[in-house]
Amino acid sequence: MSWTCAQLDALRDDYLDGRLPAADLRAADAHARACPTCAEHYEARLAIAWLRTLEPLESPPGLETRILALTVAPPPQESFWAVFGQGWRALQQPRVAMSVAAAVFSLVLVLNALDVNVRSLQAADLNPINLYRGAKRQTYQTYARGARFVNDLRLVYEIRSRLEEATPEGEAPPAKKPAGQQNPPAPKSERNRTNPRPGARGPEASGLLAYQQLILPGELR
Amino acid sequence: MEDAELVRRCRGGDNVAWEGIVRTYTRRVYNLCYRFTGQRQEAEDLTQEVFLRVFRTLDSYDAAQGSFGVWLHRVGRNLLIDYYRATRKQRLTVSLEDELPHLEERPAAAPPSDRTVALGELSHMLQQALTRLSPELREAVILRDLQGLEYREISDVLGIPEGTVKSRINRGRAELGRLLKRHPGFEEGMARA
């Protein structure tokens, strides 16, 4: 006896679960396979049949033991030396050494800034008042050094500007040479650079330029 | 020993009873997790999580509201949904086409000669198709067709009416059939079942 779409719809759950008698199942399969309307039920039944061929997987080895260890087993007691060994191995890593070196370097920098001598460190040096005084002293000393440098620089420029005022325009400093010795012929470009107008040099200018060479630092000439 | 008795002894601090529960249900919970996630490592981790949660909340189990197995499935299902939500963003970055490139495009060639290899491949295909279902349909189909729970029990596990359970199972089965029908040897599954 062949089935109809209405019959299949009415017993769909039993059909898909395979709970119909064998003869009914065969008839329903035959109808669902041939009927475009019921084809979806047939595909679903095939999918279920396929799903049920899947064997349950075995649980991974040791899973039950791990679950029991996580729930009821007491935590393992480690000896002092085992814990110490773990800590020591952790300290032997290069990054730990690098971190310690960076920390020591930073500390030395800070102590120097606070005017604390690291080589003869005493407990009194770490007194906050002493640290404050040291920092203040270092600040003043740094400021004084800076001010002295600026003043010296100002003096140097002052001397230089005075010398330039006293030197006739276009005068070049004399070449260092022993008296009476002739200059070797210089290349044209060199002559132009150092002595653009040789005929304009006088005895006063030569003296001033020699003085300038003696007292001014090389980079300011 | 009955589950109720095991649970009662567990609550009294009997580790042997707890071990009995773990050994009885580990494989079942692992299969539930694996069929839902499709990942062995994830399934293993989730199985451990399920039992940890069961162990901690065993006092909240009420035998009057259903069997211990149903309660265990409910705990597992809740964890799986949490897992699904937590990994949803990560999964969205994976293209569905990349996941199943050959499921529907496989030419209807002759099946592999080595039957073992063929069965393993079919099992893999089936797992991929399951993973492609929406979580609501997937959990319903797994609980019914792989875990073998009754509709009423699934209703208790999912906390939804039995009619909704049937609807989800039917939609899930139809979707699975649609995904698998082009695979060669699909109708052979009927003969093996």
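Keep in mind the model is a prediction, meaning the values are calculated, not measured. Convention: sequence-line order gives letters A, B, ...; per-chain numbering from 1.
- Side-chain atoms of Arg27(B) come within 3.5 Å of backbone N or O of Leu57(A) as a donor-acceptor pair.
- Of the listed residues (Val141(B), Asn15(B), Asn170(B), Thr47(B)), the one with the most heavy-atom contacts under 4.5 Å to chain A is Asn170(B).
- Annotation: Glu40(A), atom CD; neighbour count of heavy atoms from other residues, nucleotides and ligands within 6.0 Å does not exceed 12.
- With a threshold of 4.5 angstrom between heavy atoms, Leu146(B) approaches chain A through side-chain atoms but not through N, CA, C or O.
- With contacts defined as side-chain heavy-atom distances shorter than 4.5 Å, the pair Thr71(A)/Val54(B) does not qualify.
- Chosen from Lys166(B), Glu175(B), Arg40(B), Arg144(B), the residue pairing most often with chain A at heavy-atom distances under 4.5 Å is Arg144(B).
- Residues Ser59(A) and Tyr30(B) come closest through the heavy atom pair CA-CD2, 3.9 Å.
- Of the two parts of Arg56(B), neither the backbone nor the side chain holds a non-hydrogen atom closer than 4.5 Å to a non-hydrogen atom of chain A.
- Residue Ile169(B): no heavy atom, backbone or side chain, is found under 4.5 Å from chain A.
- Looking at Arg173(B) and Asp17(A), a side-chain N of the basic residue comes within less than 4.0 Å of a carboxylate O on the acidic one, giving a salt bridge.
- Of the inter-residue distances, the one linking Thr26(B) atom OG1 with Glu58(A) atom CD reads 11.5 Å to the nearest 0.5 angstrom.
- Leu46(A) has its side chain out of reach of Lys181(B): every pair of non-hydrogen atoms, C-beta onward, lies at least 4.5 Å apart.
- Surrounding CG of Leu109(A) are more than 12 heavy atoms belonging to other residues, nucleotides or ligands, all under 6.0 Å away.
- Within 6.0 Å of atom CZ in Arg162(A), 12 or fewer heavy atoms from other residues, nucleotides or ligands are found, so the atom counts as exposed in its surroundings.
- In this structure, the separation between CG on Leu180(B) and CG on Leu51(A) is 7.5 Å, given to the nearest 0.5 Å.
- Residues Leu54(A) and Ser123(B) come closest through the heavy atom pair CD2-OG, 3.3 Å.
- Within a 6.0 Å radius of CZ in Arg152(B), no more than 12 heavy atoms belonging to other residues, nucleotides or ligands are found.
- Between atom CZ of residue Phe55(B) and atom CG of residue Leu70(A) there is a gap of 10.5 Å, rounded to the nearest 0.5 Å.
- Neither the backbone nor the side chain of Arg28(B) comes within contact range of chain A; no heavy atom of the residue lies under 4.5 Å from a heavy atom of that chain.
- Residues Trp18(B) and Val72(A) approach most closely at CD1-CG1, 3.4 Å, considering heavy atoms.
- In terms of non-hydrogen atom pairs under 4.5 Å with chain B, the most contact-rich of Glu55(A), Arg12(A), His41(A) is Arg12(A).
- Nearest heavy-atom pair across Ala47(A) and Leu176(B) is CB-CB, 3.9 Å.
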